[in-house]
*Asks:* 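Handing you a structure now.
Order of the sequence lines sets the chain letters (A, B, ...), proteins ahead of strands, with each chain counted from 1.
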Number of protein chains: 2
Amino acid sequence: MVYRTLKFNLLNRSFKCRKLTIMATVQAGKAEKASKTKLQFALKTPKGTKDWADKDMIIREKIFSNLSSVFKRHGATTLDTPVFELRDILAGKYGEDSKLIYNLEDQGGELCSLRYDLTVPFARFVAMNNIQSIKRYHIAKVYRRDQPAMTKGRMREFYQCDIDIAGNYESMIPDAECFSIIVEGFTSLGIKDYKIKLNHRKILDGIFQIAGVKDEDVRKISSAVDKLDKAPWEAVKKEMVVEKGQTEATADRIGEYVKLNGSIQEVHAILSQDSNITSNERAKEGLDELATFIKYVEALEIDSYISFDLSLARGLDYYTGIIFEVVTEASAPPQDAEELKKKSKSTEDASEYVGVGSIAAGGRYDNLVNMFAEATGKKSSQIPCVGFSFGIERIFSLIKQRVEKAAAIRPTATKVYVMAFGGGKDWTGYLPERMKVAKQLWNAGIETEYVYKSKANPRKQFDAADKCGCPLAVILGKEEYLENKLRVKKLGPEFADDDGDLIDAEDLIPVVKQKLAEIYEDGADEVTKLFQGL
Amino acid sequence: MVYRTLKFNLLNRSFKCRKLTIMATVQAGKAEKASKTKLQFALKTPKGTKDWADKDMIIREKIFSNLSSVFKRHGATTLDTPVFELRDILAGKYGEDSKLIYNLEDQGGELCSLRYDLTVPFARFVAMNNIQSIKRYHIAKVYRRDQPAMTKGRMREFYQCDIDIAGNYESMIPDAECFSIIVEGFTSLGIKDYKIKLNHRKILDGIFQIAGVKDEDVRKISSAVDKLDKAPWEAVKKEMVVEKGQTEATADRIGEYVKLNGSIQEVHAILSQDSNITSNERAKEGLDELATFIKYVEALEIDSYISFDLSLARGLDYYTGIIFEVVTEASAPPQDAEELKKKSKSTEDASEYVGVGSIAAGGRYDNLVNMFAEATGKKSSQIPCVGFSFGIERIFSLIKQRVEKAAAIRPTATKVYVMAFGGGKDWTGYLPERMKVAKQLWNAGIETEYVYKSKANPRKQFDAADKCGCPLAVILGKEEYLENKLRVKKLGPEFADDDGDLIDAEDLIPVVKQKLAEIYEDGADEVTKLFQGL
């Protein structure tokens, strides 16, 4: 590309205004004044949000990359949607939780809200583009104006890590693959002690019918049942009878069923022998689907992870088939949660008295895409979907709780520190020379730093390398460099007495690569080792 | 973990309510009804935003990973801040552009806004945590309620990819490293035809003083000058005189300087011989800093990329030292922009008459961290910063414009398709068997898919593999599988007549790995090759 180069003979030009007011700090001074007249405010992130930095980021990025690999392994493509959606898109999807949606201010133009999950934007995308089948994953932040419990990974801004399979396929094949992805995902993170709680909306709806719940009450009774992981049966029963107008008898009949849980084969067998269930068309459909599902999860050898739990209901409106949640010991609230809540001094954060909650959750939703297509007046075929979300912050909080070893993780990847040693009156510090050497290493893709000083003594340079855990130094000796020689030295206490090797400058890159290969012999990075050792 | 397994003898229980209303579609039916009573709405993403999917995501993720590698190569750590900040944090940072900030609705609690860039949240983080030095990168979305030009990569929601170096260091060392990172970054993306336009706020302020601009007018005259890349000098002069109250003489004097550009050494030499400049204390400071800067960029061998351009002003309030923008041929608007604008039918999108704009930009801002520290009443030492942002969407639009080859990119990573061939009355289709084989491959980390059907004919299975560009098939033959044999076959027209190898089932993983190594002999993935070939 050609740039116009206009040269002016400035020396020969006469300026009408020669009077110069000397002000040393026009810009700096103005900024200072502005800030002093401003009201003071708290320097913090908004409630329920936080900054992620340093080693936490290294761990979190590793979680993302491991899960992405698992998703790609199953042939998924990735999608990115805007952080806000038109408000109409989110309306009527989240039941009682809709009040937790963040709205954008009306500044003229469209009314928008921050996304509440990644499922609704996905269904919007599928409907909008008339997609017939897709397997997609999406790792992104979602927003809920909920009571935060920061140390338990329950936040107002948090990551979800979703995979969904959309398309008209034979029953339960994609559902079983989702369960395989759950198991592979947690395996890749070194998490072993978990159960996948499973239920089926059709069976649950059948039970409500059998118990005498009216159609129009089904969803609100379902959301009462959903509280059973946090509240005792008595409290849930009271909600059904007192708040939600069911008879005692109805509540008790629901109670008998929802207490049922165990291995998927056992509970399936029990329900299959219950004539109330088998004679309810909807429940029977669910049972038949689960019979197929059992065959597939047995083939995939993941049935032992599953606990069929009739108390699982899931709050969201849009599920139509299997629903599931992955729980671990830390998921439940502490035994004395009620007491802890009363004692808690913080009204801002519930960490003291809540559990981590589920660490992954999802289900089948066969009508959501269709709802969008219909709402726009298009006639469209149904696109059934199944999928789930890994709860990244909660998983992170589990990993963080377990590892003390995290201290071994380096926040930077720096492999080589370029130093210069010299002295005497004529010693320049070799800064441009260090830059030249660093540039060679950068161009070879090697992570390299040097001290940002013209002259730095050896101690300062070793300290800087030490601080970032850098394993190798390339040293420019005052005389040696003039003879086109560089010194390559391993760092760390075990090499304190080792002066390193004096090499020809032109051999720099192969020598450094060789030394680094020796240092990182086993190939695995620190975080991978950390996950493997969990 | 132990789960309570409660078994109920359901058969022996008596239910009071035996009457069952059979309703096949409680859930499905309700969802349908709800959507039908709802008003119809447009199925779209909000103005200025878009979904990213398929091959575009593959290219964009590769851009992210290449730039992250460059950042890490320079010892940077990564940071993630919330997508919204307290409104006070953003106030007074963006000059005339503050009107483009998205606010969140006041739903009780704190007043928040979506971030406008990544620099202000970074400075807030540094001040809040009293950090003395940090080199951090941050890849995340920012939000501006601006006129979009979607095909030019100018959007309301867009990614920035920032690196900043904060800390009290010797003058211009971090600044020069930023320029090295720019060059390495674009090299990693195969982008060669660009110039880094450079200016210095102190020199620009000095020129304004020399020309007779009052202190309080400096920023608004600066933002007029900043329009010179889009508007002719006459229009900018008119803005200065008519709208911004400067004399003709002042405007003309500014005009003589801001037309000046060329190599950094040339323009520096010209200014150094201009006694008006050298006798202005502020401009002289800037010149001296640039003399040091020239020494370093020469050592780094990147001076040839730089065009010292006195018309570069940058709109943001917070810059205090060098400022720079990376431009390429596509950055400028079309020659007949004004005419095209008049002709344009779209009021929603400016793509027809604007350019891509700068593809990276940044500068030094030595007072921003301090402003935050002071605003909270803390006394703090100054933390000088320098940094810049790669404009991802604009870079993406450049790459996208140039490559027709993108067709060669596969949206999925699938390496192996597991198939079953058989027939006859007793043929089951081997679905659970295919699942078992896929599971082995998944556990070995190999990307694998199979058709979601109990029985599928060979044609359908080959078509599915072909559709995702999968290079290898593992085939379960009806008889062969019973003898513990699997067939491994390369796919693609060149192997049409090749029946593949019949192997022992237990050798599956090593054989597949060997075949994949043969197929991906040269190691580089499609996108890397694409970037290299640009």
*Asks:* Using 0.5 Å steps for rounding, measure from the OH atom of A:Tyr102 to the CZ atom of B:Phe84.
*Replies:*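 Spacing of OH (A:Tyr102) from CZ (B:Phe84) equals 3.5 Å.
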*Asks:* Most heavy-atom pairs under 4.5 angstrom with chain B, which of A:Gly75, A:Ala53, A:Ala413?
*Replies:*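 Of A:Gly75, A:Ala53, A:Ala413, A:Gly75 has the most heavy-atom pairs under 4.5 Å with chain B.
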*Asks:* With a 4.5 angstrom heavy-atom cut-off, is it the side chain or the backbone of B:Met57 that approaches chain A, or both, or neither?
*Replies:*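 Answer is side chain: those atoms of B:Met57 sit under 4.5 Å from chain A.
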*Asks:* Is B:Val83 in contact with chain A via its backbone, its side chain, both, or neither, using a 4.5 Å heavy-atom distance?
*Replies:*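 It is both, since atoms from each part get that close.
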*Asks:* For B:Leu104 and A:Leu104, what are the C-alpha separation, side-chain angles and deciding distance, and is it a side chain to side chain contact (heavy atoms under 4.5 Å, CB included)?
*Replies:* CA-CA 4 Å; B:Leu104 290 184; A:Leu104 289 185; 3.2 Å; yes
*Asks:* Select one option (side chain, backbone, both, neither) describing which atoms of A:Cys112 are under 4.5 Å from chain B's heavy atoms.
*Replies:*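 For A:Cys112, the contact with chain B is made by the side chain alone.
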*Asks:* Side chain, backbone, both or neither: which part of B:Leu114 has a non-hydrogen atom closer than 4.5 Å to chain A?
*Replies:*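 Side chain only.
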*Asks:* Would you call the rings of A:Tyr452 and B:Tyr169 parallel, tilted or perpendicular, taking 30° and 60° as the class edges?
*Replies:*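 Ring orientation of A:Tyr452 relative to B:Tyr169: perpendicular.
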*Asks:* Who among A:Arg156, A:Arg136, A:Lys141 has the most heavy-atom pairs with chain B under 4.5 Å?
*Replies:*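 The option with the most such pairs is A:Lys141.
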*Asks:* Under the side chain to side chain contact (heavy atoms under 4.5 Å, CB included) criterion, do A:Glu184 and B:Asn443 qualify, and how do the steps go?
*Replies:* CA-CA 7 Å; A:Glu184 289 173 55; B:Asn443 285 347; 4.2 Å; yes
*Asks:* Kindly indicate, with the supporting measurements, whether the criterion side chain to side chain contact (heavy atoms under 4.5 Å, CB included) is fulfilled by B:Trp442 and A:Leu300.
*Replies:* CA-CA 11 Å; B:Trp442 288 333; A:Leu300 293 166; 4.0 Å; yes
*Asks:* Evaluate the side chain to side chain contact (heavy atoms under 4.5 Å, CB included) criterion for residues A:Lys295 and B:Leu431: first the C-alpha distance (whole Å), next the side-chain angles of each, then the deciding distance (0.1 Å), finally the verdict.
*Replies:* CA-CA 10 Å; A:Lys295 209 167 62 183; B:Leu431 175 61; over 6 Å; no
*Asks:* Which of the residues A:Pro432, A:Ala299, A:Pro82 is involved in the greatest number of heavy-atom pairs with chain B at under 4.5 angstrom?
*Replies:*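 Heavy-atom pairs under 4.5 Å are most numerous for A:Pro82.
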*Asks:* Can you establish whether the number of heavy atoms outside A:Gln107 located under 6.0 Å from its atom CD is more than 12?
*Replies:*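 Yes, the 6.0 Å shell around CD holds more than 12 heavy atoms from other groups.
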*Asks:* If we define contacts as heavy-atom pairs under 4.5 Å, which of A:His74, A:Lys453, A:Lys436, A:Arg124 has the most with chain B?
*Replies:*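 Looking at each of A:His74, A:Lys453, A:Lys436, A:Arg124 in turn, A:His74 comes out on top.
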*Asks:* With a 4.5 angstrom heavy-atom cut-off, could you sort out which part of B:Leu79 is near chain A: side chain, backbone, both or neither?
*Replies:*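 Contact with chain A is through both the backbone and side chain of B:Leu79.
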*Asks:* A:Thr78: what forms a side-chain hydrogen bond (donor to acceptor under 3.5 Å, both in side chains) with it, not counting sequence neighbours?
*Replies:*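 None.
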*Asks:* Examine whether an atom of B:Arg60 lies under 4.5 Å from a heavy atom of chain A, and if so say whether it belongs to the side chain, the backbone or both; otherwise answer neither.
*Replies:*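 The side chain, not the backbone.
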*Asks:* Under 4.5 Å heavy-atom distance to chain B, tell me which part of A:Leu86 shows up: side chain, backbone, both or neither.
*Replies:*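 Both parts, backbone and side chain.
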*Asks:* Given that the side chain runs from C-beta out, which part of A:Glu61 has a heavy atom under 4.5 Å from chain B: side chain, backbone, both or neither?
*Replies:*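 Just its side chain gets close to chain B.
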*Asks:* Using non-hydrogen atoms only, which part of B:Phe208 is less than 4.5 Å away from chain A: side chain, backbone, both, or neither?
*Replies:*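 No part of B:Phe208 comes within 4.5 Å of chain A.
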*Asks:* At a heavy-atom distance under 4.5 Å, which candidate from B:Asn103, B:Ile165, B:Ile446, B:Thr81 has the highest pair count against chain A?
*Replies:*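 Winner by heavy-atom pair count: B:Asn103.
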*Asks:* Go through A:Gly109, A:Cys470, A:Ser454 and name the one with the most non-hydrogen pairs under 4.5 angstrom from chain B.
*Replies:*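 Option with the top pair count is A:Ser454.
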*Asks:* What part of A:Arg145 gets closer than 4.5 Å to chain B, counting heavy atoms only: side chain, backbone, both or neither?
*Replies:*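 It is the side chain, since no backbone atom gets that close.
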*Asks:* To the closest 0.5 Å, what do you measure between OG1 (A:Thr49) and CD (B:Glu85)?
*Replies:*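 Separation between the atoms: 7.5 Å.
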*Asks:* Which residue out of A:Thr414, A:Asp80, A:Thr412, A:Ile173 racks up the most heavy-atom pairs below 4.5 Å with chain B?
*Replies:*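 Answer, by heavy-atom pair count under 4.5 Å with chain B: A:Asp80.
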*Asks:* Is chain A contacted by the side chain of B:Lys202, its backbone, both, or neither, given a heavy-atom distance below 4.5 Å?
*Replies:*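 Interface part for B:Lys202: neither.
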*Asks:* Name the member of B:Ala76, B:Gly445, B:Ser69 that forms the most heavy-atom pairs with chain A at distances under 4.5 Å.
*Replies:*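 Top count of heavy-atom pairs under 4.5 Å with chain A: B:Gly445.
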*Asks:* Is it the side chain or the backbone of B:Glu298 that comes within 4.5 Å of chain A heavy atoms, both, or neither?
*Replies:*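 Nothing of B:Glu298, per the 4.5 Å heavy-atom cut-off to chain A.
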*Asks:* With only heavy atoms counted, which part of B:Glu110 is less than 4.5 Å from chain A, the side chain, the backbone, both or neither?
*Replies:*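 The side chain, not the backbone.
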